[in-house]
Amino acid sequence: MKTPLVMTVIGPDKPGLVDSVASLVADHGGNWLESRMCHLGGQFAGLLQVEIEGARSEDLEKALKELAQHGLEIVIHESVTDSDTHCMEVASIEIVGQDRPGIVKHIANAFTVGGVNVEELSTQCFSAPMSGEHLFEAKARVCIPESCDTFALRHKLESIASDLQVDISYERVT
C-alpha cells in the first residue's frame, strides 16, 4: 500500500539541495507528486508531497533526516485525506498596494470570519517602477464554503482595501 508523505524542507540555499532530496526519494522507490520551492531570505524553503510503499516509508524518513548534517532540516508528516470543507466556489484574490504592517492579518481575518480556507498564498514586496515606493502584492487561491455569504465577504474585502489603501481584486475561478 502506498503512503503519501508531506514534508517541509529548509536550509541555507546552495546548489544540489533539490537533487539530494529527489535522489533519496527515488532511491527508496518513492514518487515525487508535487512541490512548491523557493529562495527566501538566503534560505531554500520547500513543501513537497511524495508517495512511497508503506514498508519503505520509515527508511526514507530516516535517510531524509540524515540530510540535517548538511544543514537541511526536513519535517515529515503522513498525508491525510483532504479536509471535509466543500467549496461552493474557488476564488482568486489579488492585493496590491503600498506596503504596511498588517495587510495579511486583515485579509486572513476576513477569510476566517467567513469560514474561507486559504489553499495557496504567495506574497512579495517590491519597488514601484516609477516612484520607487515599497509595494506589497499578495495572490491567494481560496475555497469558499456554502456557509459563506460571498456578498458579505466581498464587501468586507472592499472595506479593508479602502482602509488600507490597497487594491483588491476578487475573481471566481472556474
Side-chain angles (χ1 to χ4, degrees), residues 4-15 17-18 21-22 31-51 72-174:
L5 301 174
V6 173
M7 55 188 96
T8 61
V9 179
I10 189 165
D13 198 11
K14 59 185 174 187
L17 293 179
V18 174
V21 174
N31 185 25
W32 188 293
L33 299 175
E34 66 180 298
S35 61
R36 308 286 188 280
M37 299 185 174
C38 63
H39 174 95
L40 288 172
Q43 298 289 307
F44 169 79
L47 294 167
L48 65 137
Q49 181 179 22
V50 302
E51 188 176 65
L72 198 59
E73 294 177 49
I74 300 178
V75 176
I76 303 166
H77 291 278
E78 191 168 320
S79 180
V80 294
T81 58
D82 287 342
S83 70
D84 292 334
T85 306
H86 298 285
C87 293
M88 170 186 71
E89 178 178 312
V90 175
S92 174
I93 312 289
E94 290 191 30
I95 304 152
V96 178
Q98 195 170 27
D99 187 33
R100 65 177 37 91
I103 295 173
V104 174
K105 174 195 170 289
H106 290 291
I107 301 300
N109 182 261
F111 292 153
T112 299
V113 169
V116 174
N117 186 40
V118 177
E119 294 184 342
E120 285 187 48
L121 173 66
S122 64
T123 65
Q124 68 173 339
C125 290
F126 59 95
S127 294
M130 298 298 256
S131 67
E133 69 182 320
H134 209 80
L135 296 179
F136 173 82
E137 177 184 59
K139 294 180 182 183
R141 177 184 166 95
V142 298
C143 170
I144 301 171
E146 290 182 27
S147 61
C148 180
D149 178 347
T150 55
F151 177 78
L153 175 65
R154 291 177 95 150
H155 180 72
K156 180 68 174 167
L157 292 172
E158 289 168 4
S159 173
I160 291 168
S162 177
D163 290 347
L164 297 177
Q165 299 178 352
V166 297
D167 293 326
I168 295 181
S169 69
Y170 176 108
E171 185 176 316
R172 190 175 185 176
V173 177
T174 53

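Side-chain contact check for Glu171 versus Glu94: every heavy-atom pair is 4.5 Å or farther apart. Between His106 and Leu164 the shortest side-chain heavy-atom distance falls below 4.5 Å. For the pair Phe136 and Val166, the minimum side-chain heavy-atom distance is 4.5 Å or more. Residues Val9 and Leu72 meet the side-chain proximity criterion, which asks for heavy atoms closer than 4.5 Å. Using a 4.5 Å heavy-atom threshold, the side chains of Thr123 and Ile103 count as separate. Residues Pro12 and Gln43 form a side-chain contact, since some pair of their non-hydrogen atoms from C-beta on lies under 4.5 Å apart.
The shortest heavy-atom contact between Val50 and Met7 is CG2-CE, 3.6 Å. Shown here for Pro145 and Gly114, the closest heavy-atom pair between the two residues is CG-O, 4.1 Å. Counting all heavy atoms, side chain and backbone alike, Ile144 lies closest to Ala91 at CD1-CB, 3.9 Å.
Atom CD1 of Ile93 sits about 4.5 Å away from atom CZ of Phe111, to the nearest 0.5 Å. Distance check: Leu135 CG to Ser127 OG gives 7.5 Å after rounding to the nearest 0.5 Å. Once rounded to the nearest 0.5 Å, the distance linking CD1 of Ile10 with CD1 of Ile74 reads 11.5 Å. Here the straight-line distance linking atom CZ of Arg172 with atom OG of Ser92 works out to 13.5 Å at 0.5 Å rounding. Atom-to-atom distance recorded for Gln124:CD and Lys139:NZ is 7.5 Å, nearest 0.5 angstrom. Here the straight-line distance linking atom CD of Gln49 with atom CG of Asn31 works out to 10.0 Å at 0.5 Å rounding.
Side-chain N or O atoms of Asn117 include none that pairs as donor or acceptor with a backbone N or O of Glu119 at under 3.5 Å. Distance alone, capped at 3.5 Å, places no donor-acceptor pair between the Ser162 side chain and the Glu158 backbone.
Side-chain contact annotation: Gln98 with Glu133, donor-acceptor N/O pair under 3.5 Å present.
Surrounding NE2 of His134 are more than 12 heavy atoms belonging to other residues, nucleotides or ligands, all under 6.0 Å away. Glu73 CD: 12 or fewer foreign heavy atoms inside a 6.0 Å radius. For Phe126, the CZ atom counts as densely surrounded, since its 6.0 Å shell holds more than 12 non-hydrogen atoms of other residues, nucleotides or ligands.
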Worksheet item: Hey, mind stepping through Arg141 and Val173 against side-chain contact (heavy atoms from CB on, under 4.5 Å) and telling me if it holds?
Response: CA-CA 9 Å; Arg141 177 184 166 95; Val173 177; 3.9 Å; yes
Discussion item. Run the side-chain contact (heavy atoms from CB on, under 4.5 Å) test on Ile160 and Ile95 for me, step by step, so that the C-alpha distance in whole Å, both residues' side-chain angles and the decisive distance to 0.1 Å come before the verdict.
Written reply: CA-CA 11 Å; Ile160 291 168; Ile95 304 152; over 6 Å; no
